[in-house]
Each structure stands twice: as structure tokens, then as C-alpha cells.
Protein chains: 2
Amino acid sequence: METQIDNLLKRNQLSVTGSRKKILELFLASRGALAHGDIEKKTGEKFDRVTVYRTLQVFLEKGIIHTIPTADNSIRYALCKDECSEGHHHDNHVHFICTTCGNTTCLADVTIPEVKLPVGFKATEFQMLVNGVCMECQ
Amino acid sequence: METQIDNLLKRNQLSVTGSRKKILELFLASRGALAHGDIEKKTGEKFDRVTVYRTLQVFLEKGIIHTIPTADNSIRYALCKDECSEGHHHDNHVHFICTTCGNTTCLADVTIPEVKLPVGFKATEFQMLVNGVCMECQ
DNA sequence: AAATTATTTGCAACAAAGTTGCATAGTTGC
DNA sequence: GCAACTATGCAACTTTGTTGCAAATAATTT
């Protein structure tokens, strides 16, 4: 039987291994975004730290996940939607970072509004971060 | 004679010391934003690493500088405009990160547009990052 | 202007985060 | 199932960030 996860890996020309499956599971399970540390903790002692680093790197390159910068120097990662392909992302939604629980949520329905840049600047990617209190923490 | 820098420090109830003056000079000299590493390099061997960390922290608390999150895990710092005061920032402008030269620029004239959040989310702060090619690198 | 007080700095030691090379183990294609 | 390839784990290391404390420097008082 082919799982959804196996498929995702194969579609991206990646060999199907325990760590990759486990880490993808984590992303699917948690609705929000994960920092490297979260992943290390949640995978327990199952995998080496180095493996987590390398797995995230590969996922990034393949466009399976994208990064969300944060002000506290801990990059978060989140699953890309299906439209994302290698080298070309379409995660043009707003990211919400809860100051209470610390979770990062992709607000998939909130599109980043257009901005007009000064002459001479050419944009390739837009990111929008919102800090505040999320639904669960009100 | 009282320099602009001395004034800025005194206005924020900070003692005027060599490292603080030097680091502020750096910020004034470079139009863009600086990462911790940049500052360490540019101050040469003049100051201890720890001093740079602590100085930046103090400047942050006093609202002299603000942070700009980036996707490569290197927080950048930039001078706040005068309206910023302790605990209350007004840096509601867009930040531009050039993928060619790596510089981060505050687009002071480009205000972050409003977005409507889903019900249940309460925002306290907005950040907008734009990646692309800057004026100098075209 | 000297002395006292308060603050800042540098050092050392440490903790955490991230990287690299290489042998071993696991996966894929045939 | 075997050969070729790829991923993993380990060890060693580099880089980044933190903390406590004594010495140095700046501000304040008289």
C-alpha cells in the first residue's frame, strides 16, 4: 500500500526512508510550523541531529517545505501547498506567530497584499509576519 | 562639543562609552541593516564579542534599533526612526532584502498595508519582508 | 577635582546550534 | 538478489549565544 507520504517523497525523487517519513508525519500532524528544535524533540531519540538538519535541507530544496523567518532567531518550517515546485514557491499567505503559545500558523486564506516598491527595486518574493494572540490563546 | 551620537545615548539614559559610540557610528554609516556578525567584523578586534551582544540588547530595549527577521537565521538590526520610544516602536515600514548583495534596506516610505485576519486572531505587530534585487544591484 | 557610586567591559568557562568527512547501513533499479 | 547509489550515524569541530565575576570606566556627589 502506498501512503500519501510515500507518494510525496517519490514525486520529489527522494528515497523513502524512516526519518523522512517520520518528519513528514510530524508536519502533517501539527497544523502550524515547526522549528528545528521542535522536530528534534518530537522525534525523540529516534534520529541523529545531523539527519534532521539534512532532511530539512533536502525538503527545502525540493520545495516540500518553506521557511518562515522569526524575530527570535529560530527559523520555522511549514509544509508547502501542492502548487509549490522545486525552486518556485507560491506560499503567498500571511504567517501568524502567537506571542502566548509561540506557535506559528499559516493563514492560508489571508493573501499578502500588494505593495508598490520604490523605483529600482525588483521583488521576487514577499513575506508577511503578524505577531499577536492566536485563536486558541484568547 | 556634543555629537549627535552622544546626544542619542544620553536621551536614552545610557552612559556614553566607546563601544556604544562605535556601534552607533556603524549604524549611521551603513544605510542598511546589520547582522550581529557584520558588527563584530566591522568593529575589528576593538571590542569583545560579549560587549557587542550586550550593546545590541540594550539598544533594542531602549528602542534605538529594531530587529528584522530573515530567512537565513541571521537577525538584522537597523536604527529606529525618532518616533520610536522605549517599548513602543513605529517601524511599520517594509524591509527589503537583496538576494544579490545580501543587504537589508528599510524602505521607510513603503508602509505595510492592512490585512484582515480570521476571527479569533488579535494582532499586535506586523512585519513585511520583500526579497529581490535592490537598486544598486540591478 | 577628587572620591564615591554605579555601570560597563573583558575574560573565562560554558551551553547550544550548526557543519563536515567518512564508514556503515539502507534503498533503489535492474 | 545483487550491484550501484543514497542516506544515516558518529565523531570531531566551528560558530553562535549566555552567564558570573573581577577589573575598568563613566557618572555623580561633595
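In what follows, chains are A, B, ... by sequence order, proteins preceding strands, each numbered from 1. Note that the structure is a prediction, hence the values are computed from the model and not measured.
On a pure distance criterion of 3.5 Å, a polar donor-acceptor pair joins the side chain of R54(B) and the base of dG10(C). Residue-to-nucleotide contacts include no donor-acceptor pair under 3.5 Å from the side chain of R49(A) to the base of dG9(D).
At whole-Å resolution of the value, CD1 in I39(B) and P in dG17(D) are 11 Å apart. Between the P atom of dG17(D) and the CG atom of L56(B) lies a distance of 10 Å, rounded to the nearest Å. Here the P atom of nucleotide dT19(D) and the CD atom of Q57(B) are 8 Å apart, to the nearest Å. Rounded to whole Å, atom P of dG26(C) lies 12 Å from atom CZ of F47(A). In this entry the distance linking CG of L9(A) with P of dT6(D) reads 16 Å, nearest Å. Across the protein-nucleic acid pair, E40(B) atom CD and dG10(C) atom C1' stand 14 Å apart, rounded to whole Å. The NZ-P distance, from K46(B) to dC11(C), rounds to 13 Å in whole Å. With rounding to whole Å, K21(A) atom NZ is found 12 Å from dT8(D) atom P.
Here T17(A) does not reach the OP1 or OP2 of dT27(C): none of its side-chain N or O atoms lies under 4.0 Å away. Put simply, S19(B) has a side-chain N or O that comes within less than 4.0 Å of OP1 or OP2 on dT9(C). For dT6(D), neither phosphate oxygen OP1 nor OP2 lies less than 4.0 angstrom from any side-chain nitrogen or oxygen of S15(A).
Atom CG in L56(B) sits 9.5 Å away from atom CD in E40(B) (nearest 0.5 Å).
In the set dT9(C), dT8(D), dA7(D), dT9(C) carries the atom at the smallest distance from any side-chain atom of R20(B). Among the nucleotides dG9(D), dT27(C), dG10(C), the one closest to the side chain of D48(B) is dG10(C).
Of the two residues near DNA chain C, T55(B) and V50(A), the one whose nearest nucleotide lies more 5' is T55(B). Mapping L14(B) and Y53(B) onto DNA chain D by nearest heavy atom places Y53(B) closer to the 5' end of the strand.
Closest approach of T70(B) and S74(B) over heavy atoms only: OG1-O, 2.8 Å.
The distance between the ring centers of H36(B) and Y53(B) falls below 6.0 angstrom.
Enclosure of atom CD in E114(B) is not indicated, since only 12 or fewer non-hydrogen atoms of other residues, nucleotides or ligands lie within 6.0 angstrom.
Here V16(A) lies in heavy-atom contact (under 4.0 Å) with sugar-phosphate atoms only.
Residues F96(A) and L117(B) form a side-chain contact, since some pair of their non-hydrogen atoms from C-beta on lies under 4.5 Å apart.
Screening E25(A), K22(A), K10(A), R20(A) against I5(A) for a side-chain contact (heavy atoms from CB on, under 4.5 Å) leaves a single residue, E25(A).
Two end axes, each from the C1' atoms of five base pairs, can be drawn for the helix from dA1(C)-dT30(D) to dC30(C)-dG1(D); they diverge by 40°, to 10 degrees.
Side chains of D6(A) and T3(A): a donor on one and an acceptor on the other come within 3.5 Å.
Placement of V94(A) and V110(B) within a single hydrophobic cluster is found when ILVMFWY residues are connected by side-chain heavy-atom separations under 4.5 Å, directly or transitively.
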